[in-house]
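So the structure is just underneath, and the comments pick up after that.
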Amino acid sequence: QVQVVESGGGLVQAGGSLRLSCVASGISFSINAMHWYRQAPGKQRELVASISSSSSTTYADFVKGRFTISRDNAKNTVYLQMNSLKPEDTAVYYCNANIRRIGDLYPRDYWGQGTQVTVSS
């Protein structure tokens, strides 16, 4: 019964900033890697950023230098700080978390419902 929920999306002008949050909730679980994906209208879903259990980070080329992924293990939360936003960043942003529940043999991937980010020019 693990749930993953994103928040923080909205409408912002080009050059502005937003911070997305993704919170995992449930009973007796541990989080491995966490990822942010996005999907724009008419486009395929693409990986934006990843953070490992040891907080190592990886970014797509199109967000390097602008976005920062981080995590707060005490809060079971991953963040995506988005600066210098561009109209092409407009998309639905999805959180993905690899989670192992206590008692399960293997971890599973959990997806959030998505949060809309719209960047106007």
Side-chain angles (χ1 to χ4, degrees):
Q1 295 194 10
V2 175
Q3 289 186 310
V4 176
V5 180
E6 307 98 330
S7 63
L11 175 63
V12 65
Q13 290 186 320
S17 299
L18 286 172
R19 189 181 73 162
L20 306 184
S21 299
C22 172
V23 180
S25 62
I27 300 175
S28 299
F29 64 91
S30 62
I31 304 174
N32 299 314
M34 302 184 78
H35 316 270
W36 284 100
Y37 289 81
R38 72 185 188 187
Q39 187 166 21
K43 302 293 185 179
Q44 291 184 307
R45 184 186 63 187
E46 59 186 355
L47 179 64
V48 176
S50 300
I51 186 165
S52 72
S53 60
S54 62
S55 296
S56 296
T57 58
T58 304
Y59 299 93
D61 287 341
F62 52 81
V63 302
K64 285 183 178 178
R66 299 189 297 123
F67 292 7
T68 302
I69 187 171
S70 61
R71 64 191 292 166
D72 186 336
N73 292 332
K75 296 181 178 180
N76 294 322
T77 300
V78 63
Y79 303 97
L80 186 67
Q81 179 65 48
M82 310 166 67
N83 298 326
S84 302
L85 283 163
K86 304 174 181 180
E88 52 263 43
D89 294 320
T90 296
V92 177
Y93 284 72
Y94 297 93
C95 179
N96 172 272
N98 185 255
I99 295 173
R100 181 182 63 83
R101 297 179 64 186
I102 300 299
D104 289 351
L105 292 176
Y106 305 102
R108 299 177 180 179
D109 284 345
Y110 294 83
W111 289 89
Q113 82 290 347
T115 185
Q116 176 71 48
V117 172
T118 303
V119 184
S120 65
S121 60

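Just so it is clear, the structure is predicted and the values come from calculations on it, not from any experiment. Only this structure's heavy atoms are used, side chains among them; waters, hydrogens and symmetry mates stay out.
Both Val63 and Val119 are assigned to one and the same hydrophobic cluster, defined by single-linkage of ILVMFWY side chains at heavy-atom distances under 4.5 Å.
Atom CD of Gln1 sits in a sparse spot, with 12 or fewer heavy atoms from other residues, nucleotides or ligands closer than 6.0 Å. Within 6.0 Å of CD1 on Ile27 lie no more than 12 heavy atoms contributed by other residues, nucleotides or ligands.
For the atom pair CG (Leu18) and CD (Gln81), the distance works out to 8.5 Å, reported to the nearest 0.5 Å. Between Met34 atom CE and Asn73 atom CG the span is 9.0 Å, to the nearest 0.5 Å. How far CH2 of Trp36 is from CG of Asn96: 10.5 Å, rounded to the nearest 0.5 Å. Taking CZ from Phe29 and CZ from Arg108, the interatomic distance works out to 14.5 Å, rounded to the nearest 0.5 Å.
The backbone N or O of Gly26 lies less than 3.5 Å from no partner atom in the side chain of Gln3, so there is not a single donor-acceptor pair. Listed for the Tyr59 side chain is a donor-acceptor partner under 3.5 Å among the backbone atoms of Ile69. Listed for the Glu6 side chain is no donor-acceptor partner under 3.5 Å among the backbone atoms of Thr115.
For the salt bridge (charged side-chain N to carboxylate O under 4.0 Å, His left out) condition, the pairs that include at least one residue of residues 60-84, sequence neighbours left out, are Asp61-Lys64, Arg66-Asp89.
Residues Asn83 and Ser17 have side chains that bring a donor and an acceptor to within less than 3.5 angstrom of each other.
Considering every non-hydrogen atom in both Val48 and Phe67, the closest pair reads CG1-CD2, 3.9 Å.
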